[in-house]
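Data first, discussion second: the structure below is written as structure tokens.
All figures in this text were calculated on a predicted structure; none of them were measured in a lab.
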Amino acid sequence: MSAYAAPLKDMKFVLNELAGLAEVAKLPGYAEATPDTVDAILEEAGKFASGVLDPINHSGDQEGSKWTESGVKTPKGFREAYKQYIEGGWASLPFEHEWGGQGLPKLVATAVEETLTSSNMSFSLCPLLTQGAIHALELCGSDALKKTFMGKMIAGEWTGTMNLTEPQAGSDLALVRSRAVPKGDHYLISGQKIFITYGDHDLTDNIVHLVLARTPDAPEGVKGISLFVVPKFLVKPDGSLGERNRAQCASIEHKLGIHASPTAVMVFDNAVGYLVGEENKGLSYMFVMMNAARFSVGLEGVAIAERAFQRALAYARDRVQGKELTGGKTVPIIHHPDVRRMLMLMKSQTEATRALAYVVAGAMDTAARHPDKDIRARNQAFVELMIPVVKGWSTETGIDVASLGVQVHGGMGFVEETGAAQHLRDARITTIYEGTTGIQANDLMGRKIAREGGATVKGWLGMLAQFDGELAKSKSADVQALRTALAAGAKGVAQCVDYVLATAGKDPNAAFSGAVPFLKLMGITAGGWQMARAALIAEKQLASGSGEGKFLSAKIATARFYADHVLSQAPGLATTVTAGAAAVMALDEEQFLAA
């Protein structure tokens, strides 16, 4: 099997040229994010990923985590890898110095997170959920809760989980039944939760569960949900661990992929829990975790795409089969046009999703730290608009790219030994958890567009219109092709926004029937925006001789391919959104059964 190598050239190009690392580093508190520091961090993350995590990815998938009466056991090598993860300080990158964090920008942490996820998605899920739990405690927890839990979690010595879903509830959290009965300074939590990532494991001494439950007098529906911290082991006043709490892992799921990541069924039987914030406000607190997790899941789509592409590329360069169409000699399959097409689809879409994710991460930093409140607000609105796009589009793309990876391998892609199949199996969950693609699309269309009259998306379309003026100045035929395709994408988005604003209120079925195609249209257009920016910058750097020629010319060629093969889908998607609703709802239920 080919080994993973962090795509440092592209990462650094995106960080510096598209996501604006230099401007992010000027924000209050981020002065340490110098180019040399960031380069060193990325180099070391790449070494850790390729040297420690990648070697146990396939073996961990084959062995899987195992449930035992004494607790869940992770695969061979995972405990040792996690110890090195802690010792390397990787857990603490984006958190405040006050709690032992390194205080680095989200943008930098995003690049590191991609690297770790590409090399071993199952391993990376544990830190992902922990970071979401930390964010919720940081923003909503009491000083006592922060003091007790945050330092250990930021150091990686304790991990965190999100306990939302129940057997009868699924994604509808209004149906949550878990109960929380007050008793003195705490609550007694009872109920069952399912699909809890790393709900139990042997990597750390303690696990901090964040659990949604209802107090006895809570109103029905989502307005009656509260959030509680329920540790696996209770914590004594001096910070040491006390008795085992009544929170047990009853079983772990047997899954299509991510076998090394234990997905737990958790049972709480009068477990001691501590209220986060105020009663009945748990759902709003949980969305703090959810938004962080949704961005990270979107990044998983990028990471899996990158890993699948690297494996397919290595195979295509080595596998000798078939003759050249022009020369007649037997060649490696990378010489065949259709294999090239598949590899370019993989490469271009991976680069587009990476660029959009990093740009959104940079906007997160600006929204959090910029001294001008209006700039903070504009960036936060942009982030909220793009989170469902990053999550939904990047993960759907990750599955497509992983599937292409299997196809490039041919029959060898369908057997486990090559590793290509694992990427497809692992990627398949990403469009489901933390909200399915349909949920992301409904959020985009409903909360992010219809509810605010399209103000933010229209502002973004205005940015694209301004950018069109920059593209118009280019002398490159490739850039002009990008300009034409991007303009068509922007036009399609604008048509769909007008349709949604006119339709969602009076005929929601018609509007929301096209929600997922609209999300894809937004994604490929936003990705095209970044690819066009990259091509324009590469053109200027080539002209000035300020960059590496082969890398920059590849940037332009890859962006041109994206315009011709991906962004060209935009007009058809717009038609689907604005004219395709009637057929979606045309059949009654019985007609689905017709022979």
Discussion item. Evaluate Gln530 against Tyr562 for side chain to side chain donor-acceptor pair (under 3.5 Å), listing each step before the verdict.
Written reply: CA-CA 11 Å; Gln530 296 308 317; Tyr562 184 91; over 6 Å; no

Are the side chains of [Y] and [X] in contact, using a 4.5 Å heavy-atom criterion?
X	Y	result
Ile333	Tyr315	yes
Leu464	Leu461	yes
Phe123	Leu116	no
Trp90	Phe48	yes
Trp393	Ile524	yes
Met121	His423	no

Taking every non-hydrogen atom, the tightest pair across [X] and [Y]:
X	Y	value
Pro262	Ser65	CD-OG, 3.6 Å
Val566	Ser348	CG2-OG, 4.4 Å
Phe561	Leu345	CE2-N, 3.5 Å
Pro571	Leu567	CD-O, 4.4 Å
Gly435	Arg294	CA-NH2, 4.1 Å
Thr110	Ala361	OG1-CB, 3.5 Å

Over 12 foreign heavy atoms within 6.0 Å of OH, Tyr499: yes

Got a sec: does the NZ of Lys255 have more than 12 other heavy atoms crowding it under 6.0 Å? yes

- request: Could you walk me through whether Val457 and Glu452 pass side-chain contact (heavy atoms from CB on, under 4.5 Å), step by step?
  value: CA-CA 10 Å; Val457 72; Glu452 64 162 35; 5.9 Å; no

Show every ring-ring contact (aromatic ring centres under 6.0 Å, His included) that has at least one partner inside [range], sequence neighbours left out.
range	result
residues 291-314	none
residues 470-493	none
residues 325-347	none

Can you tell me how far the [atom1] atom of [X] sits from the [atom2] atom of [Y], to the nearest 0.5 Å?
X	Y	atom1	atom2	value
Glu384	Ile387	CD	CD1	8.5 Å
Leu444	Thr437	CG	OG1	12.0 Å
His58	Asn120	NE2	CG	12.0 Å
Arg307	Ser2	CZ	OG	5.0 Å
Leu104	Leu93	CG	CG	5.5 Å
Leu356	Leu299	CG	CG	11.0 Å

Hey, does the side chain of [X] reach the backbone of [Y] with a donor-acceptor pair shorter than 3.5 angstrom?
X	Y	value
Ser118	Thr115	no
Ser261	Ile258	no
Ser553	Lys550	yes
Asn379	Ile375	yes
Ser296	Ala293	no
His259	Asp61	yes
Thr37	Ala33	no
Ser546	Leu542	no
Lys448	Met386	no
Gln480	Leu471	yes

The salt bridge (Lys or Arg N to Asp or Glu O under 4.0 Å) partners of Arg560 (sequence neighbours excluded) come to Asp478, Asp564

Across all chains, not counting sequence neighbours, the salt bridge (Lys or Arg N to Asp or Glu O under 4.0 Å) partners of Glu548 are Lys9

Contacts of Arg378 meeting side chain to side chain donor-acceptor pair (under 3.5 Å) (sequence neighbours excluded), chain-then-number -> none

Sequence neighbours excluded, the answer for ring-ring contact (aromatic ring centres under 6.0 Å, His included) partners of Tyr82 is Tyr85

Subject >> Exercise: do Tyr30 and Glu23 side chains pair donor with acceptor under 3.5 Å >> reply: no

Practice task
Check whether the side chains of Gln422 and Asn57 place a donor and an acceptor atom closer than 3.5 Å, and report yes or no.
Solution key: yes

Pairs touching [range] that satisfy salt bridge (charged side-chain N to carboxylate O under 4.0 Å, His left out), sequence neighbours left out:
range	value
residues 455-477	Asp468-Arg483
residues 106-127	Glu114-Arg354
residues 524-542	none

Note to self: Please evaluate residues Tyr198 and Thr130 with respect to the criterion side-chain contact (heavy atoms from CB on, under 4.5 Å), reporting the C-alpha separation (whole Å), side-chain torsions for both, the decisive distance (0.1 Å), and the verdict.
What the structure shows: CA-CA 10 Å; Tyr198 277 89; Thr130 302; over 6 Å; no

Review point. If you measure from the Lys or Arg side-chain nitrogens to the Asp or Glu carboxylate oxygens, is any gap between Glu306 and Lys347 under 4.0 Å?
Key: no

Side-chain donor-acceptor distances from residues 399-415 under 3.5 Å, at least two apart:
| unit_1 | atom_1 | unit_2 | atom_2 | d |
| --- | --- | --- | --- | --- |
| His409 | ND1 | Gly405 | O | 2.8 |

List the atom pairs, with distances to 0.1 Å, where a side-chain N or O of residues 11-21 and a protein N or O form a donor-acceptor pair under 3.5 Å, not counting sequence neighbours.
| unit_1 | atom_1 | unit_2 | atom_2 | d |
| --- | --- | --- | --- | --- |
| Lys12 | NZ | Glu43 | OE2 | 3.4 |
| Asn16 | ND2 | Lys12 | O | 2.9 |
| Glu17 | OE2 | Gln541 | NE2 | 3.2 |

